[in-house]
Structure formats: C-alpha cells, structure tokens
Amino acid sequence: MEKYDFKKIEKKWQKFWEEKEIFKAKDFSKSPKFYILDMFPYPSGAGLHVGHPRGYIATDVIAHYMRMKGYNVLHPMGWDAFGLPAENYAIKTGIHPRISTKQNIAQFKEQMKMIGLSYDWSREINTTDPEYYKWTQWIFLKFFRAGLVYNKTLPINWCPSCKTGLANEEVVGGKCERCGTEVTKKEIPQWVLKITAYAEKLLEGLDKLDWPEKIKEMQKNWIGRSEGAMIKFQISNFKFQIEVFTTRADTIFGATFLVLAPEHPLVLEITTPEYREEVKKYIEETKKKLDVERQEEKEKTGVFTGAYAINPATEEKIPIWVSDYVLPYYGTGAIMAVPAHDQRDFEFARKYDLPIIEVISQNSRLKTQNHNSKLKTKLEKAYEGEGVLVNSGQFDRMPSQKAREEIVKWLKLKGLAEFAVNYKLRDWIFSRQRYWGEPIPLVFCEECKKRIQNSKFPPVGRAGKIKNLEKNQIYKIQNYEYSLGEILNPGWIAVPEEELPLTLPKVEKYQPTGTGESPLAGIKDWVETKCPKCGAPAKRETNTMPQWAGSCWYFIRYVDPKNNKALADRKLMEYWLPVDFYVGGAEHAVLHLLYARFWTKFLYDQEILPFNEPFLKLRNQGLILAPDGRKMSKSKGNVINPDDLIKEYGADAFRLYEMFMGPFDQPISWDPKGILGTKRFLEKVFQIVNSIHWGVASDSKLQIGGSENNKETENRLKRKLHQTIKKVTEDIEAMKFNTAIASMMEFVNELQNSNCKLQIEDFKKFLIILAPFAPHFAEELYHQIEKTEKSIFEEKWPEYDETLIEKEIITLIVQINGKVRDQIQVKKGISEEEAKELALKLEKIQKWLKGRKIKKVIFVKDRLINFVVR
RNA sequence: GCCGGGGUGGCGGAAUUGGUAGACGCGAGAGACUUAAAAUCUCUUGGGGUGAUCCCCCGUGCGGGUUCAAGUCCCGCCCCCGGCACCA
C-alpha cells in the first residue's frame, strides 16, 4: 500500500506553484480585487514558533478561497525589521544589525515557505531597506512641513533597560511594552507628532469599520473624548484667570476650592511668600515620583498656595491648592474641586478639612445648606450621579443634566465659560535614542534659528499655537523659504527630498549612551553638515524614529513596491487600496492600528492617498500558548517550532491542526498530540484514493470509494457532500475554520463507513474545498485523479445544490411534556395531522400516554411533535 | 472601580440563535494484526440506577423565573480571562 509521502509531495507542488506564478496578484485585472493582509512580523532571531502561523494560515485559507471564487487577490508579506533586538544583538556580538536582520529574514521566509503559504513574494518589502525608509522619511517631512511635528523638552517615559524614550502607547501598566522594565522619567528634547490634531477624525472613522468591538472600544477609550466646558476662575489679587475643564458644570456651586497640578505653569506665580517653600518642596517631590508611584498612592497629598480664586457662580473666594492627583497633561492641568460630587475631591477635602457643599440632590427633595458656614457633612462618600440642583441660586430644582448646559450658557454671557471637548489622547513622542531605526531627516542650523526668531513670525500665536494653518504654506524670510515646520521649530531644517534616503551611517559602537543621545551622536563626520537652506554649519538630528514608523504605511507599499518616484503609483493605489481584510494580534490595538490610521488620515488630507481608512475589516487571532498554558518564550524553554512538526507530520497536517484546534480568535494551548488527528484524516483520504476500488459506473463515469453500488447510499453521500460544501463555504467566510474542518472529517467518515462509491467529479469538489487548508495534499490527489497541467487552484470553488441538501425523509422528534421519548422517520413537509397519527401509534408513546389526558399538541414542522399531558 | 469576552465530558471544543446537549478531534479502555512494540484498523467512552446494545433518572458555574420546550431568553449572585484605570 502506497504511503502518503508528504516530503516529496510538498516540495514538488511548492516548486510547481512558484514556476507557474499562480499566486501572483495582477495589477489592474478586470476581476474584482481582494487585498488580504497579515500584520508583518519583526524577524527575530528565534524564528517562528507555532503561534505565529495561526494568522498566516487563516489568511492563506481565505486568499485561496477568494481566488477560487474569481477574485484577483493581493496577499503579500514583508518585514518590520527595525527595532531593538537586532541592535541589542549587535551590542553583544558586534554583528551589524543589517547582517543579522538579513539572516533572520531568510529564516522566517524559509519557514513560511515550508508551510506552503501562498504569498506573492515578488512584492516583498523590508522597512530597513533604504529604498523603503526613504519614503518613511518622506512622509515624516510631510508631517513636519504641515506643522504637525514639534520639538519639545519634556519629561517622558524612559526605559532604563532599553535606554530609550517611549510613547504613551508603549507603556503598559507602568512597564516597557518591549522588555517589561519599570519605566522611569527623563527630561530630554523630543520630536513629537501631533496625533491629537486627529483625535476627532480617528474617533469618527471607527464607526464605519468592520473591526472587533473590543479593539474599537479600546481605541475609543484611548482617545477618550469627553464633552464639558472650560470655565475661568479669576485669581484674587492678580489680573489673570485660571481655566479649568469640567464635565460637570452643573456642580459649580459646590466648587469649594481649586487644585492645580504641581507642573501647572502658574503655581509659583500665585503662591504667596509664606507658602512658597512648602509648595516648592512639594513640586520637587512630585518630580522625583514615577508615574506609577503617583497613581498607586492611596492617600491624597497636597499643599495650600495661600492664593484664592473667585468661584464665578457663587462669587465667593475659594482657596487654591496644589496636588499631584491633578494630572498636568489632561485638560488644563487645573480643576475645580467639587468634594460633594467627586470622590477624589471628597477625599482631599476630608483630609485637609475643606468645605463640602452638596449641590445635587439624589431625590428631588430640596435640602438647603448655609453657604457661609463650613458645614460638617454627613456624607460618607461623594455622590457622582445625576439629580436635581440645590444650593445653586436660580438653578435650584433644575435637573442636573439640563443645568450642565444652562450654567455654561449663563457664565458664557459673562465671558467666563465656553463649551469644550477634551481628549485623553496625548501627542506621540517620536524620538528614540537608539541606532537601529530610520534617521530623522532634520538638521539644526543656528543661523536659520536666529533668522526665524528675529522675524517674529505672525502665524505662531501664544504658547506655540498655530493660527490659520495653511496646508504646505511657504514663509519667506530674507529670501529664504521656510515651511511651517521650520517656523514652528526655529533652527530645525528639513533635509531636501532629493537627498533622501538619509541613510544610517556605520558606527563603531551600537551601545546606547544612556544620556539621552543616540549612538549616532558619536559620529562626527555624519553629524556635522551644512544647512541645506543657507549653507551655514549645521548638525544632524541623531535620534531615530520609533519601531512603529515603518509599519504605519507598509500596506501601501505592497501595491507598488519598487516605485522610486512616489510611495506608490496613484492608479495602483486606487485599484488595490484600502486593505479589505487585515489579520493580526490584538496587542496592537492602540499602537500600530492607531498610528497607521493616523498616518493614513493625514496622507489623505495631503491628497497623497485616495482613501482615509487603511483597514476595512480586521480580525484578531488568539494567542497560542505552550502546552503548560503559559506564553511561549525562549527563556521558559517551552517553545514549539513548526519546523519539527512539519518534518514529522507534514505541512498540511500542521496547517489543518492550526485551524482545527479551536475558534480562531480565542487563546488556546498547544496540544502536542492534537496534530495526530489531522494527520490521520489526511491518511484516510489518501488511502481512499489510492487503494480502494476504482471503478466505472453504469453511466460510464469514474467512481471512487467503496465497493457497493447502492443508489440510496449514493444519494446520501451526495447530499452529505453538498452539505459539506455549504458548511465549509459559510465557515470560511465566518472564520470558523474549526467547524469547517470538522464537517470535512464527517464527510470522509461517512464516505468510508458507507463503503459506497462517489463519482470522480464529486470527489474533485471535495478536494477543492479541502485545498485551501491542505494545499499540497489536495493538489497531489487532484493530479492523481485527473491528468492535467492545471493547478487545483485554477479550479472554480464548487457551488452547492440546496435541493440536494434537503432531505426527503427526516427525523421527527416525539416528545411528551417537552422530553424526547421517541423519534420517527417521516416524509419532509408532513402535516400536523399525519404526524400526530403516526406518533400516537408508537409503542413507547402509548406507554407514556396511558392513563393521561392530552391537553395540548405542539407541532414544529419537520422538527418535532410534543404532547402536553396531565 | 469601569469597559469588553467567557464558564458545556478526562481535555480542545460543537449545538441550525428557543426544539434530539456533547458534532469533530485528542486522551482513555477493550479487541484485531504482530514473536513483541510502534503504527494501523474495529468497537466503547457525561454521571448514575449492581450486566456498555432495552429502559429510567440526573446533567451546560450557582439560585430563582418565563415557556409545551432553556446551554440558548429574563432577574439576582459567584468565578475566570483580557483591556483601561486619580482622565476632572
């Protein structure tokens, strides 16, 4: 008996597909396009483990399915290859990241090919290729010129282990997203991308996307839109006001003090001399604290400034305090404290004995308190819900929700309030103090700095706010032309486009300095350059871009990967983009997925892209854990490699098991024995074709399968086949691969058990629906049953016949009081009367009915009949 | 605390959206083949009622409810996983 020699078969067909180029996407084909994409991997030195291919195999199944459905499918793969591991490896071994990256990519690609993934390798991209990152830099300059990049020295999240700054999105629970080290603070100059300018657009766009609800929610929460008002509080003895943001303007009559964040710029200005020392000390202490410490503190702390503000509603003097429970980066960094209706303010007021005045009554019964006395309230905690206003002058008795608007309108008339929207989203810290990343294409020129600063340029308003931002506008100063980015960041000059790519120079040492400078800072002849505007001596920026930069737009590059005039040809973008279906891990919810949407929306506004959302449909694959239930990792020694499994069981058994093991989007442990099941399944099919009873039917059609000729079982088999086609088709579309495979197993079990024959044409249909899951195997058997030059993937996806699926004889369940007592085989469509008659004749039913009365009969057509008895 | 997703055999998981709970696979048990083992094949496999093939009872985290009928719907709990977390 011939054995299924998967080693030979897999190699043979992989070569065949490559030579025939049948998985190549065709630009501008008349067939409808379908762009299905995997999140491209970072090619680590460890290679792929069994968790990685789960998503790749799923998209491969869908890609095959869509091709056979007649779509022109784009299914590419590439490498997100900038990043820390390669650099850390270089520090240890001295091997240049370019070399180790190249080796890692070769390994990844080899592994992917072993699995038989049908990527169009002619479109392969690599973010570390200068021809690629040229365009990453080009896009960065677009942001810069549009005024969406600014340089600022600010305390940022700093990973002491990676020795680099991090974006907020890269800090997970106070720890570095990459290495898990506790994040500290460091104050260094940073390039910051103004993602906040797109907060509203990023939020709006979500509604239209077919993404998992969870991911959409996470993005929504991250952006954190809240509606409220900006309210101005006059400072006693000063000419200025302090603005606060609140969502509860209805509680303003209960605002009994203000709290400023220690970082608030006006703190020291308003502090009275006698409190100065204490306030200064508090500010210093806060500076030393890590964000995590600040958040973990249970007890609120703070100091009085000695200053007072006027509550614009009550016109009473209220004290101004400083506390670190007010965050500098949200709202205005100052709050009006309403202790009766905000738990944090309540705790603070309790501790420092500040007045607590209730202004929202839970039940509409009116209570009045005397405003002028510091009332000892009986409140145990703040009431944060809705209610009716009390102690609020002319607003008494008004429902809180209405008052929220009315009070703002009232204060607005006095010029003291404005409706406002606030976001949690913060700007994107874009500099990394490391070597292995895209160089930021900017130089610093002292001469230009002076020129711009002396000109006191009009579009830049107070606090660096841009007025009347004009897209790509050029500003002329002394015959030099500057872009908005250059005006906003005096002295920083863009590297001219024609000089891109600005390539990474060779360095002696990759070791990060740890001082906040990148290793590039040590290379004199690279750093020292001339200003492209005025020719004066200038210095290059030595920080590099974050890991995420290259992945913000890579899906665009696949469309036209070798274009050296543009990031991609417009016509090709119009044909292929956006991505129809995107698959990857959920861990990128507020990282890559948010950043890529941001860049897309910006490039759309710049009229570079013809679409404003990158990924129309998104699905996340669940994590595959080690058999011990923990995450796979080299250090835990529980990694399972696909290579060994493929050598032992074959790529197709591996692919099938990856899809069969459980629902695609749920995490699951790897079961080392599980793959035996899918291997046995393939063996079974192979034996059916290779050993048992080929024959010719009476109508001279080739047949396969068992030895019996029995019209009835033949029909049953045929029905099962069409049921299977239907199930597999629907399940692929719904990404329920596990049940699709189960139904194919059922079919094969029935084919084997019935010992009956199946026409070759029908068996071919089965091979076609199996092909996306087990491509080599299906291709081999396809060629065994048919002499052809064609690939099975050039076949059409089979249609199923609904009329064949419907049974003529069905099983009708007979119940007594809702419990199954018997069943009968009846003709489909049988009437209630007929069913009742048949059911009542049943011995078992008669037994159950003995001595009882039928109260009611429930009949569900073609399903059941239920006798309700007493 | 808030948001999102769950709880079904020894295990991974099915169940047409209210209609035969446990498909499919793993594991386990028994048997066949073999000198033997592995592989393969066949049968059994939720628990119980002292005899797998007849019959009955119980059973989808817990407690109630709606219904002829509940894993599925409603109310009240418990537990697990993921995310966010002083966001004014």
Side-chain angles (χ1 to χ4, degrees), chain A residues 1 3 172-174 212-218 220-222 224-226 228 244-248 251 255 259 261 294-298 300 323-327 329-338 341-345 347-348 384 422-426 586-587 589-590 620 622-623 656-657 660-663 665-678 680-681 683-684 687 727 730 736 738-749 752-753 811-823 844 847 855-860 862-869:
Chain A
M1 209 192 293
K3 267 239 144 190
V172 180
E213 220 31 62
K214 184 187 160 185
I215 303 286
K216 289 210 244 183
E217 274 306 308
M218 279 169 78
K220 266 184 209 162
N221 292 339
W222 191 261
R225 183 185 202 272
S226 41
V244 305
F245 174 75
T246 180
T247 53
R248 293 297 300 268
T251 64
V259 188
R294 189 163 169 173
Q295 280 166 19
E296 272 172 0
E297 253 157 36
K298 282 151 213 142
K300 304 248 177 303
S323 172
D324 67 0
Y325 84 87
V326 177
L327 305 171
Y329 43 76
Y330 185 76
T332 61
I335 60 154
M336 64 176 213
V338 184
H341 304 292
D342 182 289
Q343 187 56 27
R344 295 153 302 176
D345 300 342
E347 285 163 22
F348 195 78
E384 296 182 331
N422 214 334
Y423 300 93
K424 278 203 275 187
L425 186 69
R426 290 197 269 160
E587 67 274 15
V590 291
N620 301 120
L623 215 60
L656 275 166
Y657 182 60
F660 179 67
M661 56 193 303
D665 55 358
Q666 271 174 45
I668 193 164
S669 291
W670 183 265
D671 175 0
K673 296 274 183 140
I675 193 170
L676 280 169
T678 53
R680 285 174 194 148
F681 165 66
E683 292 279 7
K684 208 186 277 184
Q687 295 313 330
K727 179 88 179 131
E730 287 170 356
K736 288 159 81 176
N738 53 335
T739 48
I741 293 166
S743 77
M744 288 190 280
M745 288 172 166
E746 274 185 65
F747 170 73
V748 171
N749 289 346
Q752 195 178 43
N753 294 338
T811 304
L812 193 79
I813 302 301
V814 186
Q815 296 182 334
I816 306 289
N817 286 345
K819 288 196 172 176
V820 181
R821 295 302 177 191
D822 207 349
Q823 51 188 31
K844 278 187 213 163
K847 201 183 87 196
K855 250 174 76 185
K856 203 172 161 188
V857 180
I858 311 256
F859 178 71
V860 183
D862 294 336
R863 190 140 279 164
L864 60 84
I865 184 161
N866 183 14
F867 297 100
V868 184
V869 301

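Sequence lines set the chain letters: A, B, ... in the order given, protein chains first and strands last, and positions in each chain run from 1.
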* **Rounded C1' spacing from B:C24 to B:G64 in Å** => 36 Å
* Measure from the side-chain N and O atoms of A:Asn620 to the backbone N and O of A:Asp665, and report whether any donor-acceptor pair falls under 3.5 Å. => no
* Structure fact -> Residues A:Met661 and A:Ser669: closest non-hydrogen pair is CE-O, 3.5 Å
* Give the B/S/- string for nucleotides 52-61 of chain B, one per nucleotide from 5' to 3', where a protein heavy atom under 4.0 Å of the base yields B, of only the sugar-phosphate yields S, and otherwise -. => ---SSSS---
* Could you give the CD-to-P distance, from A:Glu217 to B:C3, as a whole number of Å? -> 10 Å
* To do: Please state how far atom CG in A:Asn817 lies from atom P in B:U67, giving the value in whole angstrom units.
  => 15 Å
* Asked: Reckon A:Val244 touches a base, only the sugar-phosphate, or nothing at all at heavy-atom distances under 4.0 Å?
  -> nothing
* To do: Quick one: closest heavy-atom pair of A:Val326 and A:Gly333, and the distance?
  => CG1-O, 3.5 Å
* Classify the angle between the aromatic ring planes of A:Tyr330 and A:Phe245 as parallel (below 30°), tilted (30 to 60°) or perpendicular (above 60°). => perpendicular
* How close or far is atom C1' of B:A88 from atom OH of A:Tyr325, stated in whole angstroms? -> 8 Å
* Measure from the side chain of A:Trp222, starting at C-beta and using heavy atoms only, and say which of B:A88, B:A85, B:G4 lies closest. => B:A85
* **Closest non-hydrogen atom pair between A:Met218 and A:Val590, with its separation** => O-CG1, 3.7 Å
* Asked: Within this structure, what is the CD1-to-C1' distance between A:Ile865 and B:A69, rounded to whole angstrom?
  -> 14 Å
* N-glycosidic conformation, B:G5 - syn within 90 degrees of 0, else anti -> anti
* Asked: If we take the P atom in both B:A85 and B:C80, what is their distance in whole Å?
  -> 22 Å
* To do: Quickly work out the A:Asn221 CG to B:G82 P distance and round it to whole Å.
  => 18 Å
* P atoms of B:A36 and B:A32, separation to the nearest Å -> 11 Å
* Taking the same atom, P, in B:U44 and in B:G22, what whole-Å distance lies between them? -> 15 Å
* To do: Using modelled atom types only, decide if a donor and an acceptor are shared between the side chain of A:Asn866 and the backbone of A:Gly818 within a distance under 3.5 Å.
  => yes
* For A:Ser669, report the nucleic acid contact type (base, sugar-phosphate, nothing); a contact means any heavy atom under 4.0 Å. => nothing
* Asked: Using the C1' atom in both, what is the distance from B:A21 to B:G13, to the nearest Å?
  -> 13 Å
* To do: Check the pair A:Lys684 / A:Asn749 against side chain to side chain donor-acceptor pair (under 3.5 Å), numbers first and verdict last.
  => CA-CA 9 Å; A:Lys684 208 186 277 184; A:Asn749 289 346; 2.8 Å; yes
* Asked: Taking C-beta and beyond as the side chain, do A:Ile858 and A:Ile865 meet within less than 4.5 Å on heavy atoms?
  -> no
* Separation of B:A88 C1' from A:Asp324 CG (nearest whole Å) -> 15 Å
* Asked: Expressed in whole Å, how much space separates the P atoms belonging to B:C84 and B:A69?
  -> 46 Å
* **5' precedence on RNA chain B between A:Phe867 and A:Asn753 (nearest-nucleotide basis)** => A:Asn753
* Asked: Where each residue is assigned the nucleotide of RNA chain B containing its nearest heavy atom, which of A:Asp345 and A:Glu213 is assigned the position nearer the 5′ end?
  -> A:Glu213
* To do: Could you check if a side-chain atom of A:Asp342 sits within less than 4.5 angstrom of a side-chain atom of A:Phe348, using non-hydrogen atoms only?
  => no
* For A:Arg821 and A:Phe867, what are the C-alpha separation, side-chain angles and deciding distance, and is it a side-chain contact (heavy atoms from CB on, under 4.5 Å)? -> CA-CA 10 Å; A:Arg821 295 302 177 191; A:Phe867 297 100; over 6 Å; no
* To do: Using only side-chain N and O atoms of A:Lys856, determine if any of them is under 4.0 Å from OP1 or OP2 of B:C68.
  => yes
* Report yes if some heavy atom in the side chain of A:Thr246 is under 4.5 Å from a heavy atom in the side chain of A:Ile335; otherwise report no. => no
* Grab the CE-C1' distance between A:Met218 and B:A85 for me, whole Å please. => 13 Å
* Asked: Which letter, B, S or -, goes with each nucleotide of nucleotides 14-26 of chain B from 5' to 3', with contact meaning a protein heavy atom under 4.0 Å?
  -> SSB--BB--BBSS
* Euclidean distance for C1', B:G19 against B:C73 (whole angstrom) -> 14 Å
* Are any non-hydrogen side-chain atoms of A:Tyr657 and A:Phe681 less than 4.5 angstrom apart? -> no
* Asked: Does the base of B:C86 carry an N or O that pairs as donor and acceptor with the side chain of A:Lys300 under 3.5 Å?
  -> yes
* Structure fact -> Rounded to whole Å, CD of A:Glu587 lies from P of B:G82 at a distance of 14 Å
* **Strand RNA chain B as a dot-bracket string - pairs counted if Watson-Crick or G-U with both distances under 3.5 Å, | where the partner lies in another strand** => (((((((..(((......[....)))((((((.......))))))((((.....))))..(((((..]....))))))))))))....
* For residues A:Met336 and A:Asp345, determine if any side-chain heavy atom of one lies less than 4.5 Å from a side-chain heavy atom of the other. => no
* **C1' spacing across the pair B:G25 / B:G9, given as an integer number of angstrom** => 14 Å
